[in-house]
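Reading through the structure tokens given below for one structure.
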Amino acid sequence: MPSAVDSVGLTPEQLESFNENGFLVVPNYLSAEEVQSLLTTTHVLLENFSLESHPMTRFTTGDDDEKTKHVGDDYFLSSGNKVHFFFEPEAVAAPEDDPKAPPRLLKPKHLAINKIGHALHSKSAPFEKITLSKRNAAIAGSLGFQDPRCLQSMVICKQPSIGGPVPAHRDSEFLYTSPPSAVGWWVALQDATPGNASLGMWKGTHRGKKGGHIRRRFVRCEEGGGTTFITNEGPALPLGKDEDETEDGQADEDFEILNVKAGDLVLIHGNVLHKSEKNTSDKSRFAYTFHVIEGAEGWTYDERNWLQPPEEGFSRLNAV
Ligand SMILES: O=C(O)CCC(=O)C(=O)O
């Protein structure tokens, strides 16, 4: 089946839906062959990475200090231009009889990884081809980007039984430009359903009126290494959105759990609230996701963001 988006970008109806809801599902964005190519590459990566020099870094996006310490180590902070492997917290533990001993894997390594990141788009040819494509440049053009730059990419594995939850967040809290500009491309590599911890999207929460302001930011600590959340003092809404738009307060929690097929794309506005639950099912839920920011003059990439640009700068879409 041909892709629902070719190099002409989004239709006016798709754009309207994205602007209205803060996300858009594009069915059949990748062909079955493209999905298979990314899955095969992922499995090769998972089978072949070495445990020998691995610091056993676990990945969580929780808000408490203990958790942010885990993601704050050098292996995480230096992953912006590398392919690094982050473990599920539940897949790693110190031996019961020796709690101070180094942590050990409780599962085979390919079933223990939470995510692979953050430079698949520049360090792995199959991912690069899918990411820095004309098709994505055209989508970015439809969304109003002038110089769209891909700054991070990852495969999120959501392993059966242990795939950890991703708490509700807005992507521009993590990838802040002034003014905010981040958009996420999230592509299901396996079917993602309410039964295996699919994405939960809260419609409309990208808007100022619905509390869509970027109020906090995930940054590198000024001293002592690691990462933390700080209050955002910069612009809180994308260009052209009314900064005076006051919040009406958020309605009761209302996440729509998406039901998408392998190959479908979900475009995620950087200000929209989204999350995913723990995967308690026996089915994995692999997804490939990458994020794009505005690289044109007038947008500043924040120097305290946890992710800093490589020497050559963030990758232009339409490069391959
Ligand atoms: O894949 C998931 O479970 C969550 C992904 C997500 O929230 C993101 O990429 O911003």
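Both counts, for ligands and for their atoms, begin at 1 and track the order of listing.
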query = Would Leu175 and Val155 show up in the same hydrophobic cluster when neighbours are defined by side-chain heavy atoms closer than 4.5 Å?
reply =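 Same cluster: Leu175 reaches Val155 through Ile, Leu, Val, Met, Phe, Trp or Tyr contacts under 4.5 Å.
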message = Can you confirm whether or not the ring centre of Phe174 sits under 6.0 Å from the ring centre of Phe229?
response =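 Between Phe174 and Phe229, the centre distance is under 6.0 Å.
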note = Those residues with a heavy-atom separation under 4.0 Å from ligand 1 are Ile156, Lys158, Val166, His169, Asp171, Trp186, Leu199, His274, Ser276, Arg285, Thr289, His291
Would you tabulate the side-chain donor-acceptor contacts of residues 255-265 under 3.5 Å, counting partners in other chains and residues two or more places apart, or write 'none'?
| from | atom 1 | to | atom 2 | distance (Å) |
| --- | --- | --- | --- | --- |
| Asp264 | OD1 | Asn28 | N | 2.9 |
| Asp264 | OD2 | Lys261 | N | 2.9 |

request  = Any chance you could pull the hydrophobic cluster mates of Val219, using side-chain heavy atoms under 4.5 angstrom and chaining through other members?
outcome  =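 Answer for Val219: Ile230.
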inquiry  = For Ala287, give me all partners under side chain to side chain contact (heavy atoms under 4.5 Å, CB included), at least two apart in sequence or on another chain.
reply    =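 If we apply the side chain to side chain contact (heavy atoms under 4.5 Å, CB included) test to Ala287, skipping adjacent residues, the hits are Trp186, Arg285.
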key: Charged N-O contact under 4.0 Å between Arg135 and Glu34   = yes
